[in-house]
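In what follows, chains carry the letters A, B, and so on, assigned in the order in which the sequence lines appear, proteins first and then strands, with residues in each chain numbered from 1. All values reported here derive from a predicted model rather than from experimental measurement.
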There are 2 protein chains.
Amino acid sequence: MVDAVFRIIASDGLERASLREVAEEAGLAVGSVRHYFASSDELLVHSFSVVIDRIAGRLELALEAVQGQAPGTPAHHGAAVLLLEQFLPLDEERAVDVCVWLAFRNAARIKPVFAPEAARSHRAVAAVVGQLIMELLPGSAEQQDILVTEAERLLATLDGLCMHALLQSEWMTAQMCRDVLEAHLAGLGGLHRGR
Amino acid sequence: MVDAVFRIIASDGLERASLREVAEEAGLAVGSVRHYFASSDELLVHSFSVVIDRIAGRLELALEAVQGQAPGTPAHHGAAVLLLEQFLPLDEERAVDVCVWLAFRNAARIKPVFAPEAARSHRAVAAVVGQLIMELLPGSAEQQDILVTEAERLLATLDGLCMHALLQSEWMTAQMCRDVLEAHLAGLGGLHRGR
DNA sequence: GTCTTTTTAGCACGATCGTGCTTCAACTGC
DNA sequence: GCAGTTGAAGCACGATCGTGCTAAAAAGAC
């Protein structure tokens with residue numbers, strides 16, 4: 001059922017994820033879908049929640065892999081890149097998730113029903129990125145404001161990469177995504193040192 | 001007429017920008033709107049085109065201001081920040097523009113009518129950002145790949161900042177936007193030097 | 001004045017959508 | 001066997017939307 005919602009949003013957009021479309025995609029009748037979800041909003045909010053849990057789960061798993069490595073080592077760097085790649089639509093599964101994720105977050109600006117889940121999504125992702133920043137900038141642990149700024153900066157870059165990879169896939173290839181990630185990490189390391 | 005479209009998209013989203021809504025917002029009848037725009041798509045594509053021209057116009061004006069300053073000077077840096085701020089929804093006018101701009105670009109993923117204008121938008125913005133990167137990294141003029149990567153990275157960060165400023169305005173304040181921009185420029189300057 | 005063009009307005013049709021409501025089959029516990 | 005719960009299906013109503021079409025008013029040309 002939720003998978004049907006994901007497929008419709010990924011291929012036709014959130015506004016086409018109506019009860020009738022979802023029911024047909026899931027091979028059910030409208031009444032059957034409404035047996036499980038009293039309203040259209042309920043189904044969509046639940047789908048939003050599921051995609052958040054999926055993405056956050058991938059991120060936290062990858063974060064543990066990062067924290068299991070000694071900072072500064074190549075393995076640590078590689079695990080960090082692997083974590084950041086979990087944001088990007090580099091395979092079919094992640095492409096659908098990111099697509100659905102962005103669609104719901106954009107809709108949350110207009111439809112207040114999505115606002116609580118959107119806030120939860122932001123908190124969960126910001127927590128992971130914040131911890132990653134602390135892993136990558138161990139020397140700046142006391143400068144709280146720099147850590148916050150760098151976390152927001154990394155988060156913005158990731159979301160922008162997501163957008164471009166989804167919307168301008170001709171220009172923003174997978175290799176370009178990885179190059180940008182590497183450049184950003186290199187810029188992180190060289191930053192706030194010579195001051 | 002186009003202003004009415006902008007207001008509706010900014011406050012209620014693109015999907016509510018129907019002919020009836022636009023006509024009411026503009027104080028006209030549906031038939032009157034359709035006298036100028038034969039179809040709904042025609043009106044929306046024209047609105048997309050207008051918002052692109054407005055944003056691109058601001059950017060190119062700010063780019064000339066950057067190119068009028070000597071590279072490396074504080075005035076050059078300030079003009080660069082001013083250029084990058086033209087992307088962000090830091091006042092009411094730019095907030096509406098950015099909102100409409102993002103809505104149309106997202107819709108272009110689904111609706112092919114918007115694809116040509118979306119491609120034009122990407123080309124125009126990438127050209128400005130590319131020239132800015134060449135201003136900021138004059139020493140790497142020969143390394144084409146680095147310039148391209150850094151342009152895409154800056155573009156991604158800007159779009160991510162736009163998203164966050166619009167969607168999570170509680171966390172992403174105007175000051176945080178400026179801090180992120182300054183941090184990114186600082187990271188640019190210190191990058192690709194010690195190699 | 002009349003004739004033509006532009007602008008504004010409105011109607012009607014089919015399509016889609018959310019939702020309240022009823023019906024029917026399948027399964028479960030006893 | 002049978003009552004009660006659950007899953008699935010369908011109908012009908014009002015609302016919204018794009019669009020083809022007609023008609024009336026306003027403006028301008030002569």
task: Name the closest nucleotide to the Arg16(A) side chain, picking from dT19(D), dT19(C), dC17(C).
output: dC17(C)
task: Could you state the atom-to-atom distance from CG of Leu14(B) to P of dG18(D) in whole Å?
output: 11 Å
message: Does a side-chain N or O of Ser18(B) approach OP1 or OP2 of dC17(D) to a distance below 4.0 Å, or not?
response: yes
- request: Determine: side-chain N/O of Ser32(B) to OP1/OP2 of dA9(C), distance under 4.0 Å, yes or no.
  value: yes
query: Of the options Leu185(B), Thr149(B), Asp159(B), Leu132(B), which is the one that meets Leu154(B) in a side-chain contact (heavy atoms from CB on, under 4.5 Å)?
result: Leu132(B)
query: Expressed in angstrom and rounded to an integer, what is the separation of Glu21(B) atom CD from dG18(D) atom C1'?
result: 14 Å
- request: Consider only side-chain N and O atoms of Glu182(A) and His77(A), and report whether a donor and an acceptor are under 3.5 Å apart.
  value: yes
task: Send over the distance from Asp12(A) CG to dC17(C) C1', rounded to a whole Å.
output: 16 Å
task: Measure the distance from CZ on Arg20(A) to P on dT16(C) and round it to the nearest whole Å.
output: 9 Å
message: I need the CG-P distance between Leu43(B) and dT19(D), as an integer number of Å.
response: 11 Å
- prompt: Quick one: does Arg34(A) reach the base of dG20(C) with a side-chain donor-acceptor pair under 3.5 Å?
  reply: yes
message: For a quick test of reading the model: is some side-chain N or O of His35(B) closer than 4.0 Å to OP1 or OP2 of dT7(C)?
response: yes
task: Pick out which of Glu135(A), Gln67(A), Gln69(A) makes a side-chain hydrogen bond (donor to acceptor under 3.5 Å, both in side chains) with His76(A).
output: Glu135(A)
query: Rounded to whole angstroms, how far apart are CG on Leu44(A) and P on dC17(C)?
result: 12 Å
task: Grab the NZ-C1' distance between Lys111(B) and dC17(D) for me, whole Å please.
output: 12 Å
- request: Assess the pair His122(B) and Trp171(A): is the distance between their ring centroids shorter than 6.0 Å?
  value: yes
task: Under 4.0 Å between any heavy atoms, over every strand shown, what does Val33(A) touch: base, sugar-phosphate, or nothing? Just pick one.
output: nothing
